[in-house]
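Take a look at the structure below.
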Amino acid sequence: MRVRFAPSPTGYLHIGGLRTALYNYLLARRHGGVFVLRIEDTDQTRFVADAEQDILAMMAWAGITYDEGPGAGGEYGPYRQSERSDRYAEIADALVASGHAYLAFDDNESLDAMRNRHRSESNPNPRYDHTTREEMRNSLTMDGEAVSQLLDAGTPYVVRLLVKPGKTVAFTDAVRGEVRFESDTVDDQVLMKSDGLPTYHLANIVDDHDMAITHVIRGEEWLPSTPKHVLLYEAMGWEVPTMAHLPLILSPTGGKLSKRNAEKQGIPVSVSQYVDAGYEPEALVNFLALLGWNPGDEQEVFSLGELVDAFAMERVGQSGVQFDLQKLNWFNEQWLRSKPEAELARRLLPVANERFGCEDEKYLAQAIGMMKERMTMAADVLDAEYLFEAPTDYDEKAVAKRWKEKSSETLAAFAGALADLETWTEDGLEEALKSFIAAKEIGMGALMFPLRMALSGVGGGPSLYSLMVLIGADVTQTRIQRAIERINV
RNA sequence: GCCGCGUUCGUCUAGGGGUUUAGGACGCCGCCCUUUCACGGCGGUAACACGGGUUCAAAUCCCGUACGCGGUACCA
């Protein structure tokens, strides 16, 4: 089995592109096959200089490795279409020679004119096909001599696929079963552009054949052009690979997950935006894997390796799937909790240092340990400022509601008790606190709430025992004094 | 318009003729746990697009309709 991911460097790697890459990768690894990365850079006008680099970087971030491709080598290279031009020209010539394709000299104006001529309410998008090609300037309508003259004069031309009407083009899609198209509805696709570069359709089938690709796994947007590809394979006498068209990822409201549409709804479309937002790669991969595929049992959290073991094309769905950021966030929480604090601390230290001057990785790791179950994103720990510095203000609503007349007095007394405490540990603190409230004959809340306010300034958060251990005895004392001075009832 | 693909809780989905009072997950709501907030546990909310047919029996098979999505470029 040989599969490929064939992105076009016309923009940064799209979230849908990453899923396509992932499914290809999973299938290859599952079956001990080869995963090829091929860069389809045949559109000069839309070329984006650093797009290829972004694609490579994002795949690496996600842990999706490939066996052949730019930077990985392989016997079927080069893996950039811009470096394979001669081969496409050769095939285009062969297609023309065998009568499966022809030369067309029409410029944009005459193309527009033809479309305007035929445009009507019942035919809003006239095609260059068996119904119109006879009106045009091409090697079918002109004699050989006229064609030679144009060629000699250097007239620009394209090569078009000659699609004969009255045929049924059928293929079996691994996701959808048998799909059939009538050739009457297929247009004479341009195979070679006038700039001498191939279109996707030509380059794709030539490369898939030359690179011995056995399974073509791509987005559903390609389904309508598959008959053209089948026709091309047949014209060359090549075997048609197994086709699999993945359901499209839709925006949360059901429309296309286009850049504009999605970002309006707060859904990033570039993988790099997820990286920048701080998502765990495992979470994005996990989420994407389940977007259009399911294992058939109730497991939801999968590592990449587990996905490899569980993945099966038969369990890929057929209908479009809506992107749900909340579910992605849930996966991020799951993965975050499974990561060692030390690892997260190492990652977050630079930001913690910048924001709070925190240079102590161990301290940060300890703070993360306390906050882990409250975080959606790793950086959320830094939003709990009180972990790093004294609160500058105290939640007014909570204070108004729960700060009593005696709170200051209680706190002051407790501060005194803490000053005598010898074992500054969670257990020691808990013991001290309990004996304090017992002696004072007050409820737990009468001390806990003021203490929490004094130490954190907010009503919710991690265990106070662990917080006090984290910030230490001195800081605890300072914060208590500060609160007594500042919170007046 | 035409061509193609699709349609089970708000979302991702299981189920593929009787096992179904249609299961799970996210979200939302409630209860429990708890110093708080979370986590966790328990419970609740909520779906077979519609109409015909086939069949003893249909969410499941067939046809139609509706709706959604994709395609309809010298873009991929």
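Below, chain A is the first sequence line, B the second, and so on; all start at residue 1. Every heavy atom of this structure was used, including side-chain atoms; hydrogens, water molecules and symmetry mates were not.
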A/R127 CZ to B/rG1 P, in whole Å, measures 15 Å

Looking only at B/rG71, B/rC39, B/rC5, the nucleotide nearest the A/E220 side chain is B/rC5

Between A/L291 (CG) and B/rU13 (P), how many Å, whole number?
-> 6 Å

Rounded off to whole Å, could you give me the NZ-to-C1' distance for the A/K397 and B/rC37 pair?
-> 16 Å

A/Q318 vs B/rC5: side-chain N/O to OP1/OP2 distance below 4.0 Å = no

Under 3.5 Å on both distances, the Watson-Crick or G-U partner of B/rG43 = B/rC29

Describe the nucleic acid contact of A/S463 in one word from base, sugar-phosphate, nothing, applying a heavy-atom distance below 4.0 Å.
-> base

Hey, does the side chain of A/K193 come within less than 4.0 Å of B/rA73's phosphate (OP1/OP2), counting only N and O?
-> no

For the side chain of A/E221, starting at C-beta, report the closest nucleotide among B/rA76, B/rG4, B/rG6.
-> B/rA76

Contact class for A/N125 (heavy atom, under 4.0 Å): base, sugar-phosphate, or nothing?
-> base

Below 4.0 angstrom, N of the basic side chain to O of the carboxylate: do A/D208 and A/R4 qualify?
-> yes

As its Watson-Crick or G-U partner within any shown strand, both distances under 3.5 Å, B/rU36 has none

Looking just at side-chain N and O atoms, do A/Y88 and A/D207 make a donor-acceptor pair shorter than 3.5 Å?
-> yes

When you check the side-chain N and O atoms of A/H229 and A/E234, is any donor under 3.5 Å from an acceptor?
-> no

If you look at every strand shown and take non-hydrogen atoms under 4.0 Å, does A/G459 touch a base, only sugar-phosphate, or nothing?
-> base

A/H130 atom NE2 is separated from B/rU72 atom C1', nearest whole Å, by 14 Å

Distance, C1' atom - from B/rU60 to B/rG18, rounded to whole angstrom = 11 Å

C1' gap between B/rG27 and B/rC9, integer Å | 12 Å

Are A/F287 and A/W335 close enough, and set up right, to give a ring-ring contact (aromatic ring centres under 6.0 Å, His included), and what steps lead you there?
-> CA-CA 11 Å; A/F287 170 69; A/W335 279 100; over 10 Å; no

Both distances under 3.5 Å, Watson-Crick or G-U wobble: report the partner of B/rC69, or none.
-> B/rG4

Expressed in whole Å, how much space separates the P atoms belonging to B/rG64 and B/rC5?
-> 12 Å

With a 6.0 Å cut-off on ring centres, are A/F311 and A/Y23 close enough?
-> yes

Between P of B/rG23 and CD of A/E300, the distance in whole Å | 16 Å

Heavy atoms under 4.0 Å, any strand shown: does A/D173 hit a base, just sugar-phosphate, or nothing?
-> nothing

Considering only heavy atoms and no angle criterion, is a donor-acceptor pair shorter than 3.5 Å present between the side chain of A/R46 and the base of B/rC75?
-> yes

Is NZ or CZ of A/R160 both nearer than 6.0 Å to the six-membered ring centre of A/Y128 and within 45° of the ring axis?
-> yes

Where the side chain of A/R374 is concerned, which of B/rC39, B/rC37, B/rG10 is the nearest nucleotide?
-> B/rC37

If only atom types and distance count, is the side chain of A/N123 paired as donor or acceptor with the main-chain N or O of A/S120 below 3.5 Å?
-> no

Rounded to whole Å, the CG-C1' distance (A/L13 to B/rA76) equals 14 Å

Are side-chain N/O atoms of A/Y465 and A/D427 paired as donor and acceptor at under 3.5 Å?
-> no

Taking the side chain of A/Q326 as its heavy atoms from C-beta onward, which of B/rG27, B/rA76, B/rG40 lies nearest to it?
-> B/rG27

Remember a base hit wins even if backbone is also touched, and classify A/R218 as base, sugar-phosphate or nothing at under 4.0 Å, heavy atoms.
-> nothing

What is the nucleic acid contact for A/F449, judged by heavy atoms within less than 4.0 Å: base, sugar-phosphate only, or nothing?
-> nothing

Both distances under 3.5 Å, Watson-Crick or G-U wobble: report the partner of B/rC75, or none.
-> none

To the nearest angstrom, the CH2-C1' distance between A/W330 and B/rG10 comes to 18 Å

Closest-nucleotide 5' rank along RNA chain B - winner of A/V321 and A/A6 = A/V321

Side chain of A/D324 - closest among B/rG23, B/rA76, B/rG10 = B/rG10

Toward the 5' end of RNA chain B, by each residue's nearest nucleotide, A/D106 or A/S122 = A/S122

Atom-to-atom span, CG of A/L288 to P of B/rU11 - whole angstrom | 19 Å

Nearest-neighbour nucleotide for the A/N294 side chain, B/rA38, B/rG23, B/rA14 considered = B/rA14

Look at the side chain of A/E40 and decide which nucleotide, out of B/rA76, B/rU11, B/rC3, has an atom nearest to it.
-> B/rA76

Determine the interatomic distance between P on B/rU34 and the same-named atom on B/rU20; round to the nearest Å.
-> 38 Å

Going by atom types alone, do A/S270 and A/S272 pair a side-chain donor with an acceptor below 3.5 Å?
-> no

Can a side chain N or O of A/T42 be found less than 4.0 Å away from OP1 or OP2 on B/rC75?
-> no

Write down the distance separating the P atoms in B/rG10 and B/rA47, rounded off to the nearest Å.
-> 7 Å

Classify the side chain of A/S194 and the base of B/rC74 as holding, or not holding, a donor-acceptor pair under 3.5 Å.
-> yes

When all nucleic acid strands are considered with a 4.0 Å heavy-atom cut-off, which category describes A/L464: base, sugar-phosphate, or nothing?
-> base

Would you mind telling me which of B/rG70, B/rA76, B/rG23 lies closest to the side-chain atoms of A/E298?
-> B/rG23

Looking at B/rA14, B/rA38, B/rC74, which one has an atom nearest to any side-chain atom of A/E373?
-> B/rA38

Looking for any heavy atom pair under 4.0 Å, which part of the strands does A/K372 touch: base, sugar-phosphate only, or nothing?
-> nothing

Name the nucleic acid region contacted by A/V158, choosing base, sugar-phosphate or nothing; use a 4.0 angstrom heavy-atom cut-off, strictly under.
-> base

Using the P atom in both, what is the distance from B/rU19 to B/rA59, to the nearest Å?
-> 10 Å

So what does A/G292 touch, heavy atoms closer than 4.0 Å: a base, only the sugar-phosphate, or nothing?
-> sugar-phosphate

Report the nucleotide, chosen from B/rA76, B/rC26, B/rU13, that has the shortest atom-to-atom distance to any side-chain atom of A/K327.
-> B/rC26

With a non-hydrogen cut-off below 4.0 angstrom, is A/R452 in contact with a base, only sugar-phosphate, or nothing?
-> base

Considering only the P atoms, how many Å lie between B/rC69 and B/rU11, rounded to the nearest integer?
-> 13 Å

Base paired to B/rU19 (Watson-Crick or G-U; both N/O distances under 3.5 angstrom) = none

Please work out if A/V179 contacts a base, only the sugar-phosphate, or nothing of the nucleic acid, heavy-atom cut-off 4.0 Å.
-> sugar-phosphate

Sugar-phosphate, base or nothing in reach of A/R119, heavy atoms under 4.0 Å | nothing

Going by an N to O cut-off under 4.0 Å, is there a salt bridge joining A/E409 and A/K406?
-> no

Could you give the distance separating B/rG70 and B/rG24 at their C1' atoms, to the nearest angstrom?
-> 30 Å

